[in-house]
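All chains are named by letter (A, B, ...) in the order of the sequence lines, taking the proteins before the strands, and each is independently numbered beginning at 1. Values reported hereafter were calculated over all heavy atoms of this structure, with side chains retained and with hydrogens, waters and symmetry mates removed.
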Number of protein chains: 2
Amino acid sequence: MRPPFESSPAGSLTASAKSIFRLLAEGDPSTRPQLGEALNLSRPTMSAAIAELEQLGLVAKIGEVQGLIGRKAAIYRPGPTAGHVIAIDAGSTHVRLRVSTIDRRLLHSRVYRLPASQLLLGEEISRAVAEEVAATLTETDPGWGPLRMIGIAVPSRVVGPQGDRSATRQEEIFSCFEPPANVPVVLENNVNCAAVAERSYGIAKDSETFAYVQIGLKIGMGLMLGGRLLRGRNGAAGEIGHLAFPMADGSKPIAGEIERYMGTEGFMQRVVAAWPEPSGKAPADAADLMARAGEGCATALAHVTRHAEDIGAIVASCVSVADPGLVVLGGGMGGSPLLMPTVSEVANRLSYPVEVRTSTLGQDATVLGIEKLACEQTVDLLLGESRD
Amino acid sequence: MRPPFESSPAGSLTASAKSIFRLLAEGDPSTRPQLGEALNLSRPTMSAAIAELEQLGLVAKIGEVQGLIGRKAAIYRPGPTAGHVIAIDAGSTHVRLRVSTIDRRLLHSRVYRLPASQLLLGEEISRAVAEEVAATLTETDPGWGPLRMIGIAVPSRVVGPQGDRSATRQEEIFSCFEPPANVPVVLENNVNCAAVAERSYGIAKDSETFAYVQIGLKIGMGLMLGGRLLRGRNGAAGEIGHLAFPMADGSKPIAGEIERYMGTEGFMQRVVAAWPEPSGKAPADAADLMARAGEGCATALAHVTRHAEDIGAIVASCVSVADPGLVVLGGGMGGSPLLMPTVSEVANRLSYPVEVRTSTLGQDATVLGIEKLACEQTVDLLLGESRD
DNA sequence: CTTATTATGTTAGGCAAGTTAACAAAAAAA
DNA sequence: TTTTTTTGTTAACTTGCCTAACATAATAAG
């Protein structure tokens, strides 16, 4: 056993102190009266709990605020012992990194664009992550407190202890990158991370149950049910690229065929093949197609609409299984407002009532999501409470 | 406000007393030492808690047991105040009714076979339920304690307060049946109930996450995630009859088409249409087909295997969305052991690792499931703790 | 048949974590 | 300067659990 302090500086905090810390870690700094009100704690209890937390450095007073009348109220936020986390979106085109306190005050950030030639090469990504982390560590300010956690969003399945680990690419991220000793690492699928971000900061802030559907190079889904991510036994929940397809009387489905059919590449191949002479040169890529559709090109718009119908059918399948009530569209294509109406129309026609919204968080969704997860994990660790 | 005693005779029980009651309601009667051991409660705490519960009649001593040596240990189980529940499977062919204590000791049971001509007529079912409940109430024994809850499993979606209530048939059950005053009613979809039963008593006892797929007249799924049913915004989670189908390049999916294609009726139509002259008379119904397949009839077996492949594809779709790790096959056709191997092979080929098992609970699965749910609800109510 | 051993249950006393009530401190309003 | 209002602290009490010690009821041993 390690010394208990290292993993959990707050081994034996009172329940009230824990709940106060949790609330402060959640977001905005708060005054004592606000905290007491929110948590239904009496003023004496607040005094005792804050004293406990301040003693450990888990909480610090950052000022006072004057109401209309009466004594000033003290304002608190997580203190230096609470430390900071590194969140990394290890995507196939970019590596995005954010360093922040556990109440998500940004301390540092960097973006590294991978050479296009190395798309999807796991080793290159791992090397980039290693370099960015190393560079970050040299700039660490002692005022940030200890590094508590590194969160990494990866574009592959992430399995828990009981799943089929062999078939994942999740370990590739460590091929060239070794995390600093004694700093735990949280891995999470990038689509799931985006779902978390939509839930915490984005268009799904008001819903604790919804499906985030990413449509871009590949397609994938993140299922948020009652505020919790559904990961599945093999980390494969939401791998809708594997929906049975084609599925029709007589034909036999092929594994992963939907991904090939619906991904940007397969889609654009069909678009280019079907592009009529009179409409001019076929679009160079998906972004080009979307731009032309947005400008009113009828041919482009027809293709986009056709694609949206396919997406609507897939969304209907997801609704038929999980009935989330809300679907958020995101990703390279999914982020376009052109898709939403058709997707919504088709999904609602084929299945049960769903609201369809378009993501508002841009490319930062994934980093923000993994940051959120890393912070949550850190709080659990500090308070000695591990969630599942 | 009603008097608090009626809804919750245990308004202010200590946490330890609540946990003891919960454990006793769970199942087998237990001795004090066993309970204390299981719940990590000291003997003095046990004394106090049992005294509280016994006072209210929520718990009763039913005997003593002698170990190898030492004093006898007292055995307890839920007492008369805990009361009893009525569980009803309001199916389209049978109405099954069970009366039991909240620790699920059967007090009374009856089965009513609906006239075949009235299949699916909601009003007839409602009338049958009303009659069976009335008949049951006349036989109630005062020793059973108060009737705490009526649970009804219905073959339709069941929506919560925020869902789209208009499109459900859930209210039909009350067209001719009015529950006794002051007795709360729990409605639940019959497939979900079967899933609960498999989880509590059946083949999925060891798994808190799995999908129950019912294949019979209609097809449906119950999703158990982390020990909790996934119901969905519109109570439509698991309505896999609405998976997008046919889904292939060029063809447009039709709402609910899978149900027509995969249900017993559609399936048997195809079987009969394709039945070759030399194999003799076409099978009369699905049971006949299954019987012949079991006896080695190659034609019958080929049809069954083909059907199992289709089911495998659907299971693969569910796995791709929820990745439950375990799928239990049940229902009229699904209960046959002939299907499992092919379903498993196809599902695993098309998607991620899933274990496929065949249901062991027969036609009682649904009643047992709604009974379990009614008992859980009752315990929550008695302890003044409502879950979601 | 008495005595030792052991498991069960109760009594006494203590502690942790909250509460309410009353008081002290710090600010604006009268 | 005094009053009023909000914030924070101190004192005393309550609840719900605990441990330690004792009482009870059974078998095992002498």
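The existence of a salt bridge linking B/Arg228 and B/Glu208 is excluded, since no basic side-chain nitrogen approaches an acidic carboxylate oxygen closer than 4.0 Å. Between A/Arg32 and A/Glu37 there is no salt bridge, since no side-chain nitrogen of the basic residue lies less than 4.0 Å from a carboxylate oxygen of the acidic one. Between A/Arg22 and A/Asp380 a salt bridge is recorded (basic side-chain N to carboxylate O distance below 4.0 Å).
First and last contacting nucleotides of DNA chain D toward chain A (any atom under 4.0 angstrom from a heavy atom, 5' to 3' order): D/dT5 to D/dT10.
Among residues two or more places apart in sequence or in another chain, the side-chain hydrogen bond (donor to acceptor under 3.5 Å, both in side chains) test is passed with A/Arg77 by none. Residues meeting the side-chain hydrogen bond (donor to acceptor under 3.5 Å, both in side chains) test with B/Glu198, sequence neighbours left out: B/Ser359. Residues forming a salt bridge (Lys or Arg N to Asp or Glu O under 4.0 Å) with B/Asp206 (at least two apart in sequence, or on another chain): B/Arg357. A/Ser109 pairs by the side-chain hydrogen bond (donor to acceptor under 3.5 Å, both in side chains) definition with nothing, not counting sequence neighbours. Under the side-chain hydrogen bond (donor to acceptor under 3.5 Å, both in side chains) criterion, A/Thr360 pairs with no residue at all, not counting sequence neighbours.
Rounded to the nearest 0.5 angstrom, B/Tyr201 OH and B/Asp364 CG are separated by 11.5 Å. Rounding to the nearest 0.5 Å gives a distance of 9.0 Å between CG of B/Leu229 and CG of B/Asn189.
Using a 4.0 Å cut-off on heavy atoms, the residues of residues 25-36 of chain A that approach DNA chain D are A/Arg32, A/Pro33, listed by number. Contacts between residues 39-52 of chain B and DNA chain C, counted as heavy-atom distances below 4.0 Å, involve B/Arg43, B/Pro44, B/Ser47.
For B/Thr45 (side chain) and B/Leu41 (main-chain N/O), no donor-acceptor pair under 3.5 Å exists by modelled atom type.
Over its length, the helix from C/dC1-D/dG30 to C/dA30-D/dT1 turns its helix axis by 20°, as judged from the five terminal pairs at each end, rounded to 10°.
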Below 3.5 Å is the cut-off: list the nitrogen or oxygen pairs between protein and nucleotides 25-28 of chain C, distance only.
{"from": "C/dA27", "atom 1": "OP1", "to": "A/Lys72", "atom 2": "NZ", "distance (Å)": "2.7"}

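For the pair A/Leu137 and A/Thr140, the minimum side-chain heavy-atom distance is below 4.5 Å.
With B/Val99 as the partner, the side chain to side chain contact (heavy atoms under 4.5 Å, CB included) test is satisfied by one option alone out of B/Glu139, B/Arg105, B/His108: B/His108.
Residue pairs meeting the side chain to side chain donor-acceptor pair (under 3.5 Å) criterion with at least one member in residues 48-57 of chain A, sequence neighbours excluded, are A/Thr14-A/Glu52. Pairs passing the ring pair (Phe, Tyr, Trp, His ring centres under 6.0 Å) check and including a residue from residues 28-53 of chain B, sequence neighbours excluded, do not occur.
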